[in-house]
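Okay, structure first, notes after.
Being a predicted model, the structure only gives us computed values, none of them experimental. Numbering of ligands and ligand atoms starts at 1, following listing order.
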Amino acid sequence: MTDQAEKPPVGVYSGPSRVLSGVQPSGALHLGNYLGALVKFTRLQHEIDTFIFVADLHAITVWQDPAALAQQTREIAAAYIASGLDPDKATIFPQSAVREHAELSWIFNCVARLGWLDRMTQFKEKSGKHKERSSVGLYTYPVLQAADILVYKATHVPVGEDQKQHLELTRDIAGKFNHDFNAPGFFPIPDPLIQGPGARVMSLRDGSAKMSKSDPSDYSRINLTDTADDIAAKVKKARTDPEPLPETLEELAARAEADNLVGIFAALAGKAKAEVLADYAGKGFGTFKPALAELAVETLAPVGERMRGLLGDPAVLDAILAKGAEKAREAAAPTLAEVKKLVGFWGA
Ligand code: TYM
């Protein structure tokens, strides 16, 4: 290990602000992805230079059917655009089309410490009892994520709460690189944008489990491609308790399922949970659920419809992805060239 005490400081990055984030093409997108990530992308594109990619290199850390992967990539691109991302404003691209991600990832593999990766809880969850049979890629996955972010010198990363630890690792890698290669302020120390009631959407069947693509019950999640009828049925069947909604956030916090539904309402309506309680305290789920179903259908059904429309014309999506990849390469290449120089590679 290098002795960091004798190295120069991490430094302060003074370049422009930039947003970067991505979603894996490894299954249907759900309400958690929408509220935790997609909605934020759409909002940020109006404020900051925004890069949003489809994380296909990350997806293959677990088996993906080669015959389906390209179509899954188009589906994520369609979801981005259907939720309001404008390809003329934001750069939308497939990760594997920009080789700088993989190249920087290798260099970061040599910066990150084994002990840092050993602490990653998502690897422990995903590898389960069969750690030795997991791919090496699944283990080093967060290092690739750091490369995704830092190859664009992104300063802001909108994600759901489950990505917090990966973002902390990214910050550590950026700091150690700046330190070790005597380049104070070379990489920004990016800020995760996690806040808001949609940052951790829970399963509709179990308020203690995260809403997830891999949950075997389709009733646990609302998919972006669900029809209006599906959405209403899932909200109606969502697990709750028999009590009316409480007055305070403290009382709500003790009731996981109620808390989740109020959080979903708040995120969909662009309100704080306290504002939702101000309207519904004392009312039962017989009143609250129909209002939530109506709001969810109103917001999500048109997204699903737009997605289906976009997927009907794959050539248009492919053209958007190809143009995005070109712009992304232009942005990533100079960073990698500078990194190679700093590392001291021949010819850099
Ligand atoms: P992924 O594909 O698992 O999820 C995509 C985004 O959705 C968020 N999310 C949720 N938010 C709220 N509630 C939930 N139940 C929920 N489930 C998922 C995730 O936090 C994420 O923001 N490692 C990333 C992809 C990635 C990435 C990156 C993200 C690769 N490189 C660089 C940001 C920057 C992932 O697997 O997300």
Atoms in ligand 1 flagged as close to [X], the criterion being non-hydrogen separation under 4.0 Å:
X    : result
A37  : 6 (C), 7 (O), 22 (O)
G198 : 12 (C)
R200 : 12 (C), 13 (N)
A199 : 11 (N), 12 (C), 13 (N)
G22  : 25 (C), 26 (C), 27 (C), 29 (C), 33 (C)
G36  : 11 (N), 12 (C)

Discussion item. Between H166 and Q145, is there a side-chain heavy-atom distance shorter than 4.5 Å?
Written reply: yes
Fill in: Heavy-atom side-chain contact between Q163 and P192 under 4.5 Å
no
Item to complete: Going by heavy-atom distance to atom 34 (C) of ligand 1, choose the closest among L150, I194, V157.
Response: V157
Worksheet item: Should K271 and D279 count as an ion pair when the cut-off is N to O under 4.0 Å?
Response: yes
Fill in: Ion pair D318/R74, N-O distance below 4.0 Å
yes
How far is [atom] from the closest protein heavy atom, and which atom is that?
atom                    : answer
atom 33 (C) of ligand 1 : S21 OG, 3.4 Å
atom 37 (O) of ligand 1 : Q163 NE2, 3.8 Å
atom 20 (O) of ligand 1 : D162 OD1, 2.4 Å
atom 2 (O) of ligand 1  : Q24 N, 2.9 Å
atom 32 (C) of ligand 1 : Q145 CG, 3.5 Å
atom 15 (N) of ligand 1 : V201 O, 2.8 Å
atom 9 (N) of ligand 1  : N33 ND2, 3.7 Å
atom 10 (C) of ligand 1 : G32 O, 3.4 Å

Which one holds for [X] and ligand 1: side chain close, backbone close, both close, or neither close, with close meaning a heavy atom under 4.0 Å?
X    : value
Y152 : neither
I149 : side chain
S26  : neither
K213 : side chain

Discussion item. In this structure, does ligand 1 have an atom that sits under 4.0 Å from one of the heavy atoms of M202?
Written reply: no
Worksheet item: Closer than 4.0 angstrom: is that true for some heavy atom of H30 and an atom of ligand 1?
Response: yes
Worksheet item: Cation-pi between K153 and F186: NZ/CZ under 6.0 Å from ring centre and within 45° of the ring axis?
Response: yes
Worksheet item: If you draw the axis of the six-membered ring of Y280, does the NZ or CZ of K283 fall within 45° of it and under 6.0 Å from the ring centre?
Response: yes
Would [X] count as a polar contact of ligand 1, with the cut-off being nitrogen or oxygen pairs under 3.5 Å?
X    : result
K126 : no
D148 : yes
G160 : yes
A55  : no

Worksheet item: Hey, what do you get for CD1 (I149) to CD1 (I173), rounding to the nearest 0.5 Å?
Response: 9.0 Å
Discussion item. Could you tell me if D148 and H101 have a donor-acceptor pair between their side chains, going purely by distance under 3.5 Å?
Written reply: yes
